[in-house]
Amino acid sequence: MIASSVPRRLVGVTFAALAAVGLCLAQPTPAAAAGGGYVRLAHLVPDTIACDMYIQLHSVTGDVVKFLPSIKYGTMSDYVMVPAGTYAVAMRLPGAAASSPPALSTSLTVVDGRAYTVARMGPPEHADARVIEDDRTLPAGGTAKLRVVQAAQRTLDVSVVDGPLIAKDIAFTTATGYQRVEPGLRTLRVQPAGGQPISVQASVTAGSIYSLLVLQTADGRLTAAVLADAKREGPVPQGGVNTGAGGSVRDTRPGPIVALFGLLLVTVGGLAAASARRRQLRPR
Amino acid sequence: MNPQRWRRSSGLLARPLRRRAIALGTAGALALAGMVLGLRLAGSYPADVARWQPGADDRGASSSAPVSAPPTRLRIASIAVDTPLEDLDLDAAGALRAPTDFSHAGWYAKGNRPGDIGPAVLAGHVDSKRGPAVFYRLNELRPGASVEVMRGESWVTFRVLTTRRYPKDKFPTDEVYAPTPNAQLRLITCGGAFDRSSGHYRDNIVVYAVLVA
């Protein structure tokens, strides 16, 4: 009974130790999104105030990651790629020192692989700094995605001519959800409540993601443009790629270091089990 | 446990185990240096400030590509890769075909051209039946490494963002092939354990890189 239980323990301890080490060594890299996130800056308040926009590390007093001078209404920057982390977006009057307290600011947590638009947004008298999350997940089977960012002081409907409605009754300062759109040359119709519609043409690529930015001109007319949030070309490959024939797998036996390590574990495990057994058997 | 697993799946870094001790020491030192440098590097990400203004209503058609020619050559100095590029297509099941020549990398020609906005895809073999192939050292690529692709007469330069390994049966299509806001590159080869019954490796190594502005 005792004689057989020691080796069983030994095998158990050794196996567990080896398994633990094996798990550590063989753990695949988590399938996380990769390489940083994306941030763009926009001015969507219909007024004549320009502002200097900053992306700063951690807080409005942190290191400046990106500086865009004198941004005006209707501007949307290209994306800046930044490592995942916490940032502040600060907006200052043109020429104000980067160290001065910002007129508007917001904090922004950037997650790996995700994209954000940080905008000066709202009515001129209540402008605010706001974070809008942008979608960059693969559109379903051969379609594209489109949403509306509404920065005109109206309520409006947007639809694809001969296609789906994107959204109805879109209020000023709204970013709608993304809707599926068939690829090709598409005409988007923007219909303000009680006003003349406008239309915008866009070449839509399967797999790509778009925002329709609706703005107003100085004399109050509507204007709109389609911006690509993220793009790709061609059919999406399915699954992985078979790119190897095994000719570099040279040795099928455990290497000397693994063997030594294993031997060490067996010895330590054995000693531990044996001493535990001895202690247990000692009369009290 | 299959002993081959120890060899090929013991992490991204080490293929020959003997190198591991040295590699670990170096990696530790590099990691420390990286932590110190991390904050500085954050400020050096590439960025374009091309801006859209109301009235300029056809910017959606713009492309950042300096040339329109397809890619013909790939050069990665840090792992001694210098190869012509084959055109790759999908097979009947929709999977990306590997290059026919083990010493050449290939470009997925129905997808993005490297340097255009979107994820351009290059693939190459890690080994043939006889030994190492063109992408044998791909898993050694670390963030910051330079990757160059020839288009027409000029080289387009990318910077490695990260190197990942995924089991083929859980290949994250949405992450690897999702649309991107800027011009990126995916370099793909095999890794992990070699499955003798199927004649294929179980994992894929994917290197993510971004265009240097």
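Lettering of chains follows the sequences in order, A, B, ..., and the numbering in each one begins at 1.
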By a 4.5 Å heavy-atom criterion (distance strictly below it), what part of [X] contacts chain A: side chain, backbone, both, or neither?
X      : value
B/L90  : side chain
B/A95  : both
B/A120 : neither
B/N112 : both

Quick check on the interface: out of [options], who has the most heavy-atom pairs with chain A under 4.5 Å?
options                       : result
B/N204, B/T180, B/L96, B/L88  : B/T180
B/V206, B/V121, B/N182        : B/N182
B/S198, B/G111, B/A133        : B/G111
B/P143, B/A178, B/P181        : B/P181
B/T189, B/V176, B/D91, B/V160 : B/T189

- Message: Quick check on A/N242 against chain B: is it the side chain, the backbone, both or neither that has a heavy atom closer than 4.5 Å?
- Response: both
- So what's closer than 4.5 Å to chain B heavy atoms on A/S203: side chain, backbone, both or neither? neither
- Are the side chain of A/R186 and the backbone N or O of A/Q201 linked by a donor-acceptor pair below 3.5 Å? no
- Carefully, step by step, assess A/D134 and A/R40 under the rule salt bridge (Lys or Arg N to Asp or Glu O under 4.0 Å). CA-CA 10 Å; A/D134 305 331; A/R40 65 181 172 186; 3.6 Å; yes
- Check: A/S211/A/R147 side-chain N/O donor and acceptor closer than 3.5 Å: yes
For the pair [X] and [Y], find out whether any cationic side-chain nitrogen is under 4.0 Å from an anionic carboxylate oxygen.
X      : Y      : value
A/D47  : A/R120 : yes
B/K110 : A/E233 : no
B/D169 : B/R202 : no
B/R151 : B/D116 : yes

- Task: State which residue, out of B/I188, B/D127, B/I205, B/L187, fulfils the side chain to side chain contact (heavy atoms under 4.5 Å, CB included) condition with B/F135.
- Result: B/L187
- Task: Find the one option among A/G234, A/G240, A/S208 whose heavy-atom pairs under 4.5 Å with chain B are most numerous.
- Result: A/G240
